[in-house]
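See below for the structure under consideration.
A, B, ... follow the sequence lines: proteins, then strands. Residue 1 opens every chain.
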2 protein chains.
Amino acid sequence: MAIDHLDGRLIVLLAREPRIGVLEASRRLGVARGTVQARLDRLRSQGVIRGFGPEVDPAALGYPVTAFATLEIKQGQGADVRAHLTTVPEVLELHTTTGHGDMLCRLVARSNADLQRVIDRVVGFEGIVRASTAIVMENPVPLRIIPLVEQAAGDTEGC
Amino acid sequence: MAIDHLDGRLIVLLAREPRIGVLEASRRLGVARGTVQARLDRLRSQGVIRGFGPEVDPAALGYPVTAFATLEIKQGQGADVRAHLTTVPEVLELHTTTGHGDMLCRLVARSNADLQRVIDRVVGFEGIVRASTAIVMENPVPLRIIPLVEQAAGDTEGC
DNA sequence: AGTAGCACTATGCATATTGCCCAGTGATGT
DNA sequence: ACATCACTGGGCAATATGCATAGTGCTACT
């Protein structure tokens with residue numbers, strides 16, 4: 001179910017130096033190439049590793065402003081709102097949540113002024129009752145997974 | 001500053017089929033290998049593409065519960081809180097924001113019960129005044145970048 | 001006009017990597 | 001004792017990579 005220590009080391013290695021291939025990884029980890037190959041295949045088929053897509057920085061694309069919007073949805077309009085938000089390119093992520101709001105979405109925009117346009121487009125839809133937005137100022141911890149992988153790998157055995 | 005249409009097609013292609021190499025990409029895009037090579041180098045040096053790290057699914061690692069916590073910080077304790085949260089593996093992401101709270105962080109946990117442990121660890125730190133947590137139920141739009149890339153690429157020229 | 005700079009094409013070549021095969025070994029469970 | 005499984009270590013053909021070259025069309029500058 002979880003991953004073992006070698007899996008963890010492999011994932012961390014790939015996260016740190018994505019350009020290395022299977023052969024180089026096997027050298028670094030001190031195991032045979034076939035082992036790395038098999039581990040990778042298993043991790044992918046188990047869904048632990050979803051893929052190796054490029055990580056794109058929205059800021060470098062011209063969208064330096066990030067914000068999180070909490071949306072309150074009119075009863076029974078959830079599906080329509082989801083469909084609507086999916087069509088907005090600036091909506092990078094959408095979750096339905098418990099708590100004060102009903103949905104939380106991550107937005108990007110070209111500027112603070114442009115954010116207004118994005119928000120207007122997001123909330124300009126029947127079914128959204130209220131929206132409250134928090135603009136991101138700093139991002140002290142960018143999306144990371146390595147510490148979690150290390151914990152998950154370490155739990156299983158003691159190295 | 002932004003990216004052109006070929007850049008956009010390249011990024012989308014790589015996002016859809018990450019395992020293809022430079023050579024195969026050049027065939028798909030109908031351009032020379034050197035061109036793809038040069039574009040990739042430029043995109044990486046410009047920071048548009050941060051890397052090709054593996055996308056790991058926390059759920060498959062044994063952390064199926066995701067939550068967002070809004071934290072209110074005592075004046076002047078920001079740096080300490082950041083340092084503290086960095087040490088918690090279950091904190092996948094941390095932002096400082098405008099609005100009601102001062103920080104927003106993304107958490108994962110092994111279960112709803114385990115989430116309590118994580119939150120206790122997160123807020124068990126002088127400097128955090130108040131925390132409100134929203135548990136993610138569904139994720140209709142997983143983190144995506146393709147629509148934004150297409151928009152950014154399309155803006156520049158009309159194909 | 002003339003020219004320099006730039007991006008792209010097209011090609012070649014040595015080296016490295018991949019995918020696939022196999023036989024052997026040690027640990028585990030029946 | 002025996003089957004199963006993961007790992008090792010090796011070999012092989014096919015492929016991809018990094019690097020270099022020369023030619024072409026376009027743009028910008030003088």
Within the pair [X] and [N], is there a side-chain N or O less than 4.0 Å away from OP1 or OP2?
X      : N       : answer
R39(B) : dC8(C)  : yes
T35(B) : dT9(C)  : yes
Q37(A) : dG19(C) : yes

F68(A) ring centre to R106(A) NZ or CZ under 6.0 Å, with the angle to the axis within 45°? no
Which whole-number value in Å describes the distance from [X] [atom1] to [N] [atom2]?
X      : N       : atom1 : atom2 : result
E24(A) : dT17(C) : CD    : P     : 7 Å
L23(B) : dT15(C) : CG    : P     : 20 Å
D7(A)  : dC7(D)  : CG    : P     : 9 Å
D4(A)  : dC5(D)  : CG    : P     : 18 Å

Could you say whether G34(A) or I20(B) is positioned toward the 5' end of DNA chain D, judged by the nucleotide with the nearest heavy atom to each? G34(A)
Picking from dT8(D), dA7(C), dT17(D), the nucleotide nearest the side-chain atoms of V31(A) would be dT8(D)
Can you tell me which nucleotide in dT18(C), dC8(C), dA16(D) comes closest to the side chain of V22(A)? dT18(C)
Please name the pair of heavy atoms, one in V91(B) and one in C105(B), separated by the smallest distance, quoted to 0.1 Å. CG1-CB, 4.3 Å
Would you say E93(A) and H95(A) make side-chain contact, with heavy atoms under 4.5 Å? yes
For a quick check of understanding: with a heavy-atom distance under 4.0 Å over all strands, which category does [X] fall into, base, sugar-phosphate or nothing?
X      : result
R19(B) : nothing
G21(B) : sugar-phosphate
R27(B) : sugar-phosphate

Is R39(A) salt-bridged to D4(A), cutoff N-O under 4.0 Å? yes
Would you call E24(A) and R19(A) a salt bridge, taking side-chain N to carboxylate O under 4.0 Å as the test? no
Is any N or O donor-acceptor pair between the side chain of R33(B) and the base of dG18(D) shorter than 3.5 Å? yes
